[in-house]
Amino acid sequence: MNPAPMAWRVLADADAVALAAARLMIQAAAEAIEQRGRFRLVLAGGRTPEAAYRLLAHQASDWARWECYFGDERCLPADHAERNSQMVERALLSRVPLAPGQVHPIAAERGAEEAAVAYARIIAAAAPFDLVLLGVGEDGHTASLFPGRPLDPEAWVIPVHDAPKPPPDRVSLGLRGLQSSRQLLVLATGAGKREALRGWRAGAALPIAQVCRDRRVTLLLDEAADPGAGPAVS
Ligand code: 6PG
């Protein structure tokens with residue numbers, strides 16, 4: 001059965017998107033913990049989600065029931081400031097009472113191939129997730145799935161090389177990994193994302209569109225990223 005059409009929520013600005021995202025994640029956590037005793041969340045990298053993570057850290061939740069995974073990681077040393085894991089650590093994980101075993105970083109410092117094989121075992125064992133958080137690139141990429149590259153529907157985790165967004169080497173959840181979730185929450189702010197969202201809404205086979213196709217999706221965007229009023233995207 002196809003899920004409900006995608007929820008496309010335009011908010012005033014990036015701060016409003018961050019607050020709505022934090023509240024949505026807290027709500028999803030409460031439902032998952034009540035129904036299944038735990039909340040399995042895949043975290044997004046990049047800049048957009050950072051404000052939402054900082055707000056999340058001030059919310060009340062049964063943090064002992066959270067299990068955090070990553071949607072992608074850059075092949076940099078584990079303590080490199082540009083790592084997605086470092087951003088998430090600064091904005092969220094250092095501010096909430098999670099035990100080390102509740103956070104599952106991608107060992108991207110070991111190289112894309114080796115890290116992808118190791119993380120695929122972790123992700124396949126953990127799926128399905130309760131919520132996968134995603135950003136959108138200006139070219140319509142999401143996680144480290146970039147346009148023009150065929151997506152294997154069976155791939156849990158893939159190595160990425162020659163990424164157009166530096167650094168070139170990355171590890172990313174693949175289509176199967178990102179879609180194995182009860183819901184997807186996508187964040188997009190700023191005028192730079194407008195064309196990608198316009199293409200997505202027009203049916204372009206962008207990575208974000210392929211990941212979200214036929215899934216339960218909420219897109220939170222600000223007015224700057226809004227390509228104009230338009231129908232929901234199924
Ligand atoms: C990364 C992210 C990437 C990000 C988009 C949007 O490693 O950079 O995984 O997919 O979500 O590029 O980035 P911004 O949120 O910084 O615009």
Side-chain angles (χ1 to χ4, degrees), residues 11 13-18 20-22 25 41-56 68-78 80-92 104-109 112 115-116 119 123 129 131-149 151 157-175 177-179 181 184-200 206-212 217-222 224-227:
L11 301 170
D13 53 30
D15 288 344
V17 166
M25 286 187 273
L41 166 70
V42 175
L43 296 163
R47 290 188 314 276
T48 304
E50 188 165 354
Y53 295 150
R54 291 184 184 282
L55 292 173
L56 200 56
C68 297
Y69 301 82
F70 290 83
D72 71 333
E73 187 54 274
R74 304 160 180 195
C75 292
L76 297 168
H80 193 288
E82 291 300 307
R83 284 266 300 224
N84 289 328
S85 56
Q86 286 294 315
M87 180 275 287
V88 172
E89 174 69 22
R90 291 191 299 266
L92 175 62
H104 307 272
I106 301 173
E109 64 280 3
Y119 209 60
I123 291 297
F129 300 100
L131 188 146
V132 168
L133 183 66
L134 294 169
V136 186
E138 297 189 0
D139 59 359
H141 79 259
T142 192
S144 289
L145 304 180
F146 292 93
R149 304 183 184 199
L151 296 181
V157 181
I158 61 168
V160 176
H161 299 290
D162 304 320
K165 177 176 183 181
D169 293 339
R170 293 161 167 260
V171 180
S172 183
L173 264 58
L175 212 47
L178 293 175
Q179 291 188 322
S181 182
L184 306 178
L185 175 57
V186 183
L187 309 183
T189 60
K193 307 301 174 75
R194 193 177 299 163
E195 284 316 306
L197 297 184
R198 189 191 312 279
W200 180 6
L206 299 170
I208 185 65
Q210 295 184 62
V211 168
C212 292
V217 179
T218 299
L219 167 63
L220 301 179
L221 65 152
D222 65 2
D226 182 12

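As the structure is a prediction and not an experimental result, all values here were calculated from the model. Ligands are counted one by one from 1 in listed order, and the atoms in each one are counted from 1 as well.
When side chains are defined from C-beta on, L221 does not count as touching V136, because their heavy atoms never get closer than 4.5 Å. With contacts defined as side-chain heavy-atom distances shorter than 4.5 Å, the pair R170/E73 does not qualify. The side-chain heavy atoms of V132 and L173, taken from C-beta on, include no pair separated by under 4.5 Å. Taking 4.5 Å as the limit, some side-chain heavy atom of L175 sits within range of a side-chain heavy atom of V211.
Proximity of A143 to ligand 1 is established by a heavy-atom distance of less than 4.0 Å. For the pair E73 and ligand 1, no heavy-atom separation below 4.0 Å is found.
Closest heavy-atom contact between A78 and Q86: O-NE2, 3.0 Å. For the pair R74 and N84, the tightest heavy-atom approach, listed with the atom from each and the gap, is NE-OD1, 3.4 Å.
The closest protein non-hydrogen atom to atom 17 (O) of ligand 1 is K193 NZ, 2.7 Å. Among all protein heavy atoms, the one lying closest to atom 11 (O) of ligand 1 is G45 O, 3.5 Å. Closest protein heavy atom to atom 15 (O) of ligand 1: T48 OG1, 2.6 Å. Of the protein's non-hydrogen atoms, R170 NH1, 2.8 Å is the one closest to atom 7 (O) of ligand 1. Distance from atom 16 (O) of ligand 1 to its nearest protein heavy atom, with residue and atom name: R47 N, 2.7 Å. Summary of contacts: the protein heavy atom closest to atom 9 (O) of ligand 1 is D72 OD2, 2.6 Å. The protein heavy atom nearest to atom 13 (O) of ligand 1 is K165 NZ, 3.2 Å.
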For residues 41-48, please give each side-chain donor-acceptor pair under 3.5 Å, one per line with the distance, not counting sequence neighbours.
none

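Interface atoms of ligand 1 facing H141, defined by a heavy-atom separation under 4.0 Å, are 3 (C), 5 (C), 10 (O), 12 (O). Of all atoms in ligand 1, listed by their number and element, those nearer than 4.0 Å to a heavy atom of R74 are 1 (C), 7 (O), 8 (O). In summary, the atoms of ligand 1 found under 4.0 Å from a heavy atom of V136, numbered by their order in the structure, are 6 (C).
Between F146 and H141, the ring-plane angle classifies as tilted under the 30° and 60° cut-offs.
Under the rule for a side chain to side chain donor-acceptor pair (under 3.5 Å), the partners of E109 that lie at least two apart in sequence or sit in another chain are R83.
For ligand 1, the polar-atom distance check finds no N/O of T142 at less than 3.5 Å from any of the ligand's N/O atoms.
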